[in-house]
Amino acid sequence: MKKSIYLDHNSTTPLRPEVLEAAFPYLRELYGNASSIHEKGREAREAVEKARETVASFLGTKPNTILFTSGGTEANNFAIKGIGFRNKTKGNHIISTRIEHPCVLDTCKFMESQGFEVTLLPVDREGRISVEDLKHAITDRTILVSIMHANNEVGTIQPIAELAKVAKERGVYFHTDAVQSFGKIPVDVEDLGVDLLSVSAHKLYGPKGVGCLYVRKDVRILPHQHGGHHERGLRAGTENVAGIVGLGKAVSLARQEMEKRTQHLRALQEKFYEGILKRIDDVLLNGHPTERIPGTVNLGFKDVEGESMAINLDLKGICVSTGSACTAGSLEPSHVLVAMGVPQEYARGTVRFSLGHENTQEEMDYCLTEIPKIVKRLREMVTKPSH
Ligand SMILES: *Cc1c(COP(=O)(O)O)cnc(C)c1O
């Protein structure tokens with residue numbers, strides 16, 4: 001079989017064998033509906049509630065603040081629509097940022113079509129939001145601020161605690177999309193001071209199609225799906241028991257291993273970045289040099305096409321993304337790089353290497369032999385006259 005080196009963990013992660021093992025019985029003999037009163041139902045209910053406790057505990061909160069969803073996209077939709085429509089008599093202004101995941105940006109666009117006003121905050125060259133900018137953006141009509149904890153493309157971490165404090169002082173709800181930070185750096189809802197927070201299982205070695213939304217006690221939110229009493233009447237639908245059990249297992253593994261994973265990732269990425277700089281000229285690291293989640297190395301190679309890079313890397317068995325997975329296929333620089341003001345000649349040649357804890361030094365060494373060859377070849381093609 002062709003060698004495959006997976007460096008696209010910000011798009012999704014491989015399922016951990018322990019997660020599959022924990023979830024599998026709930027697809028087989030433990031098939032009960034968690035709402036049924038009989039034994040089969042009680043087994044499922046117990047498993048769901050145990051997972052809720054695991055997730056809540058790692059987030060530093062109580063189980064009754066966790067609502068299971070079908071993933072990060074639904075959690076973000078739930079938060080923005082649920083708070084927005086619930087509070088529309090109080091105000092119609094929502095603040096977010098120019099670098100959010102498309103599922104936040106598109107939800108904000110939808111809210112505009114429903115009579116809301118949206119302000120998208122800018123970022124600096126390293127992808128950070130300014131606390132001052134947020135202070136100035138809040139008005140008497142503002143009801144919600146939604147700012148991601150860590151960016152999926154460049155990995156920059158926002159000063160959420162400071163930003164949330166500003167919102168709180170003005171009596172405005174604060175939501176954060178923590179899909180990329182949860183499991184990689186400490187995420188505690190009390191330390192961060194947030195009212196709502198989104199999580200997705202498949203970004204931390206859990207299954208796809210499951211996640212959760214944290215909603216602070218006493219924060220009133222509109223139901224997201226109607227039809228039953230599930231998830232405190234806020235998200236109707238028979239629970240994805242196996243998925244939820246998988247999320248719980250993925251979270252407990254992340255909790256046990258976070259420090260070890262971080263050390264390994266930091267060592268891998270530092271050597272990788274240094275190796276690239278040693279072998280290739282005109283490379284730019286996009287994102288914050290230090291305030292960045294472990295594993296994300298977003299590099300702009302001057303005068304090459306990111307797409308060509310990704311295709312050539314794929315031929316060598318190396319899986320990466322250009323910009324973000326959701327905008328792949330379009331040759332425009334991603335909205336994140338544009339917002340950061342990355343020079344065009346670097347932005348076009350951007351490749352996101354997102355490492356995982358199962359990647360090895362040998363794999364990275366192989367990349368360091370292949371990447372310079374590819375860059376050299378692509379650059380020669382650009383500079384060579386066509387006839
Ligand atoms: C992947 C991702 C999402 C979407 O999560 P899904 O579970 O895939 O719907 C949202 N926000 C960020 C930052 C992400 O990286």
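The chain is numbered in sequence order, starting from 1. These numbers come from a predicted model, not from an experiment. We use all heavy atoms of the structure for the numbers below, so side chains are in, but hydrogens, waters and symmetry mates are not.
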Take a 6.0 Å sphere around NZ of Lys109 and say whether it holds more than 12 heavy atoms from other residues, nucleotides or ligands. no

Under 4.5 Å between any side-chain heavy atoms of Glu305 and Met381, yes or no? no

Looking at Asn359 and Tyr6, would you say the former's side chain and the latter's main chain have a donor-acceptor pair under 3.5 Å? yes

Under 3.5 Å, side chain of Glu291 to main-chain N/O of Ile157, donor-acceptor pair present? no

Considering only Ile, Leu, Val, Met, Phe, Trp and Tyr, and joining two whenever side-chain heavy atoms are under 4.5 Å apart, list the other residues clustered with Met111. Leu67, Phe78, Ile80, Ile83, Phe85, Ile94, Val104, Leu105, Phe110, Phe116, Val118, Leu120, Ile143, Leu144, Tyr173, Leu196, Leu213, Val215, Val219, Ile221, Leu222, Leu234

Is Glu270 salt-bridged to Arg266, cutoff N-O under 4.0 Å? no

Between Ser198 and Asp177, do the side chains contain an N or O donor and an N or O acceptor separated by less than 3.5 Å? no

Is any side-chain heavy atom of Glu307 closer than 4.5 Å to one of Arg348? no

Quick check for you: to the nearest 0.5 Å, what is the distance between Thr12 atom OG1 and Leu204 atom CG? 10.0 Å

Side chain of Arg45, backbone of Gly41: donor and acceptor closer than 3.5 Å? no

Between Arg52 and Glu239, does any NZ, NE, NH1 or NH2 come within less than 4.0 Å of an OD or OE carboxylate oxygen? no

Counting heavy atoms not belonging to Glu21, are there more than 12 under 6.0 Å from its CD? no

Among Glu274, Met364, Arg292, His264, find the residue that satisfies the side-chain contact (heavy atoms from CB on, under 4.5 Å) test when tested with Gln269. Arg292

Is the closest side-chain heavy-atom distance between Lys271 and Gln361 below 4.5 Å? yes

For Glu162, is there an ion pair with Lys165 - N to carboxylate O distance below 4.0 angstrom? no

Salt bridge present between Lys135 and Glu132 (N-O < 4.0 angstrom): yes

Asn312 side chain near Arg377 side chain, heavy-atom distance below 4.5 Å: yes

Given Ile95, which partner from the list Ile138, Leu163, Val172 fulfils the side-chain contact (heavy atoms from CB on, under 4.5 Å) test? Ile138

Judged by atom type as modelled, is there a donor-acceptor pair below 3.5 Å linking the side chain of Asn92 to the main-chain atoms of Lys88? no

Step through the shown structure and confirm whether more than 12 heavy atoms of other residues, nucleotides or ligands are within 6.0 Å of CZ on Arg16. yes

Does atom CD of Glu46 have more than 12 heavy-atom neighbours, drawn from other residues, nucleotides or ligands, at distances under 6.0 Å? no

Measure the spacing between CG of Asn87 and OG1 of Thr89 and express it to the nearest 0.5 Å. 7.0 Å

Is any side-chain heavy atom of Phe353 closer than 4.5 Å to one of Leu299? yes

What distance do Asp281 atom CG and Lys376 atom NZ have between them, rounded to the nearest 0.5 Å? 12.5 Å

Going by an N to O cut-off under 4.0 Å, is there a salt bridge joining Lys40 and Glu29? no

Could you tell me whether a side-chain N or O of His335 sits under 3.5 Å from a main-chain N or O of Glu100, the two making a donor and an acceptor? yes

Would a distance-only check, ignoring hydrogens and angles, find a side-chain to backbone donor-acceptor pair under 3.5 Å from Ser200 to Gly211? no

Can you tell me how far CG of Asp303 sits from CD of Glu345, rounded to the nearest 0.5 angstrom? 7.0 Å

Do Lys302 and Leu284 touch side chain to side chain, with heavy atoms closer than 4.5 Å? no

As an exercise, state the distance from CG of Leu355 to CG of Leu265, rounded to the nearest 0.5 Å. 6.5 Å

Do the side chain of Arg261 and the main chain of Pro294 share a donor and acceptor less than 3.5 angstrom apart? no

Is Thr13 reaching over with its side chain to a backbone N or O of His9, donor-acceptor style, under 3.5 angstrom? no

Could you tell me whether Arg128 and Glu126 have a side-chain N and a carboxylate O separated by less than 4.0 Å? no

Residues Glu370, Lys373: salt bridge by 4.0 Å N-O rule: yes

Rounding to 0.5 Å, atoms CG (Leu20) and CG (Leu15) come to a distance of 5.5 Å

Over all atoms of both residues, closest heavy-atom pair of Ala137 and His93: O-CE1, 3.3 Å

Please check if the side chain of Asn286 supplies one atom and the backbone of Val154 the other of a donor-acceptor pair under 3.5 Å. no

Determine yes or no for a side-chain-to-main-chain donor-acceptor pair under 3.5 angstrom, with Gln158 supplying the side chain and Gly127 the backbone. yes

Can a side-chain donor-acceptor contact be found between Ser11 and Arg352 if the only test is distance below 3.5 angstrom? yes

For Gln256, is the CD atom crowded, meaning more than 12 foreign heavy atoms sit under 6.0 Å from it? yes

